[in-house]
Number of protein chains: 2
Amino acid sequence: MAIHAGKKYRHGQILNLVASEPVSSQDDLRRRLAQRKLRVTQATLSRDLQELKLIKTPEGYKPAAALAEDASALPPLAHALREFLLDIRPAENMLVLKTPPGGAQALAAAVDRAKFPEVAGTIAGDDTVLIITARRKTRESLQKKIEAELQ
Amino acid sequence: MAIHAGKKYRHGQILNLVASEPVSSQDDLRRRLAQRKLRVTQATLSRDLQELKLIKTPEGYKPAAALAEDASALPPLAHALREFLLDIRPAENMLVLKTPPGGAQALAAAVDRAKFPEVAGTIAGDDTVLIITARRKTRESLQKKIEAELQ
DNA sequence: GCGGGCATCGTATAAATATGCATGGCTTTG
DNA sequence: CAAAGCCATGCATATTTATACGATGCCCGC
């Protein structure tokens, strides 16, 4: 094996590089390492990046450690509302939210996650979310907050 | 344009899908959407995923929201080791660390700052650090600690 | 020393993802 | 309504990433 400085060392250099400046591709990384006298092929870097748990983002490679969380991380409420909400209908102490087919579960989850004090509970079907509040006044307050999320 | 239900709706379905089960590729995603009567091409999904800020991880697509970084939030010693260490050689009551040319001073400084009780003293040349401990047993203990820093 | 097992790596190529360009529909303006 | 501008999209293809396979080096026991 050629002039090798060891995989450990190369991994350290890779971590340094991606932490200090955006690296847009494995070939980009390969060129930068070459400047540091480390000559390896793209194939090796593909393996290295996997071992180092670095993932590609629009802003370069980043450690995946931060995203180790469960797959249930949902987008914020505002986003869910923009994506799913078709209509809001007030009904005394309740709010009825309409979504496209299949969207209700996701929207309800986002509402729950927002933990509004006004919300007594939610029920989601396929394209409808029912939000229940204590009283009509409570519902008015909640409705304002939700409409504010829509800007 | 075919029977389409709108980009917003498709985006909602994509968020649902990737939140509920791992999706390994854009083609995988394309097939699952087809089951929900959404027919689009991989090219469209590539654009969708970018707009939704979903990034590919070994466990499927995830929201990029949780993109903390700092690969270098490591303790200084671990960082220095990753950056400089090429080799560790034990020698009775001493450890010899090899670095790339010019790296020894920096690595030795990091070792000193870590203040291991085992370390009697260090001597750094250009590409070699000599760490001196009291006895062979002491060196073994230190060596384990240093190797642990490398993961 | 000699073979076996393991790890690393490059080459070639497959697989996955991104993109230039053209099309068709929708909306706005006059 | 026509013309213009804009979006969303598909198709074809370029670019990027992953992998199957074989070669080489190293360590270890005999």
Side-chain angles (χ1 to χ4, degrees), chain A residues 1-15 17-18 21-34 36-64 67 82-84 100, chain B residues 1-15 17-18 21-34 36-64 67 82 85-91 98 100 143 147 150-151:
Chain A
M1 239 179 292
I3 344 119
H4 267 87
K7 189 163 77 158
K8 287 248 167 83
Y9 175 59
R10 187 179 64 243
H11 281 189
Q13 293 298 306
I14 291 172
L15 288 171
L17 262 173
V18 302
E21 47 189 328
V23 177
S24 68
S25 72
Q26 295 177 5
D27 229 52
D28 184 3
L29 178 57
R30 187 184 56 73
R31 281 186 290 270
R32 291 175 198 257
L33 285 172
R36 300 189 178 199
K37 313 296 183 216
L38 280 175
R39 312 283 171 79
V40 291
T41 59
Q42 171 268 323
T44 295
L45 295 181
S46 174
R47 297 172 184 123
D48 285 348
L49 291 172
Q50 191 177 344
E51 289 169 20
L52 292 170
K53 296 192 200 310
L54 293 174
I55 59 186
K56 191 181 188 176
T57 76
E59 302 85 32
Y61 287 87
K62 297 267 172 76
L67 337 154
R82 276 195 286 271
E83 296 296 336
F84 292 113
Chain B
M1 234 182 291
I3 357 105
H4 71 69
K7 189 164 75 159
K8 285 263 166 78
Y9 175 59
R10 188 179 64 244
H11 281 190
Q13 293 298 307
I14 291 172
L15 288 171
L17 262 173
V18 302
E21 47 188 331
V23 176
S24 67
S25 71
Q26 295 178 4
D27 229 53
D28 185 3
L29 179 58
R30 186 184 56 74
R31 282 187 289 269
R32 291 176 199 257
L33 285 172
R36 300 188 178 198
K37 313 297 183 217
L38 280 176
R39 312 281 172 81
V40 290
T41 59
Q42 170 269 323
T44 295
L45 295 181
S46 174
R47 296 170 183 124
D48 284 349
L49 291 172
Q50 191 176 346
E51 289 168 21
L52 291 171
K53 296 192 201 306
L54 293 173
I55 61 187
K56 190 181 188 174
T57 76
E59 303 84 29
Y61 288 87
K62 299 254 175 93
L67 264 192
R82 285 171 175 281
L85 187 62
L86 298 184
D87 191 21
I88 297 185
R89 279 177 275 184
K98 297 296 288 185
Q143 187 174 354
E147 282 166 351
L150 294 169
Q151 286 173 2

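A, B, ... follow the sequence lines: proteins, then strands. Residue 1 opens every chain.
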Expressed as a whole number of angstroms, how long is the span from [X]:[atom1] to [N]:[atom2]?
| X | N | atom1 | atom2 | value |
| --- | --- | --- | --- | --- |
| Leu33(A) | dC9(C) | CG | P | 12 Å |
| Glu51(B) | dC7(D) | CD | P | 11 Å |
| Ile55(A) | dT16(D) | CD1 | C1' | 16 Å |
| Asp48(A) | dT8(C) | CG | C1' | 10 Å |
| Ile14(B) | dT9(D) | CD1 | C1' | 13 Å |
| Arg30(A) | dA18(D) | CZ | C1' | 16 Å |

> Under the side-chain hydrogen bond (donor to acceptor under 3.5 Å, both in side chains) test, which residues partner Gln26(A), sequence neighbours left out?
Replying inline: Gln42(A)
> Excluding sequence neighbours, so at least two apart, what forms side-chain hydrogen bond (donor to acceptor under 3.5 Å, both in side chains) with Gln50(B)?
Replying inline: none
> Sequence neighbours excluded, which residues qualify as side chain to side chain contact (heavy atoms under 4.5 Å, CB included) partners of Arg31(A)?
Replying inline: Asp27(A), Asp28(A)
>> Using the side chain to side chain contact (heavy atoms under 4.5 Å, CB included) criterion, which residues pair with Pro90(B)? Sequence neighbours excluded.
In response: Leu95(B), Arg139(B), Gln143(B)
> How does each nucleotide of nucleotides 16-22 of chain C score, in 5' to 3' order, for protein heavy atoms under 4.0 Å: base (B), sugar-phosphate only (S), or none (-)?
Replying inline: SBBBB--
> Can you tell me how far the CZ atom of Arg32(B) sits from the CG atom of Leu17(B), to the nearest 0.5 Å?
Replying inline: 7.0 Å
>> Taking the side chain as everything from C-beta on, heavy atoms only, tell me whether Leu49(B) gets closer than 4.5 Å to Ile14(B).
In response: yes
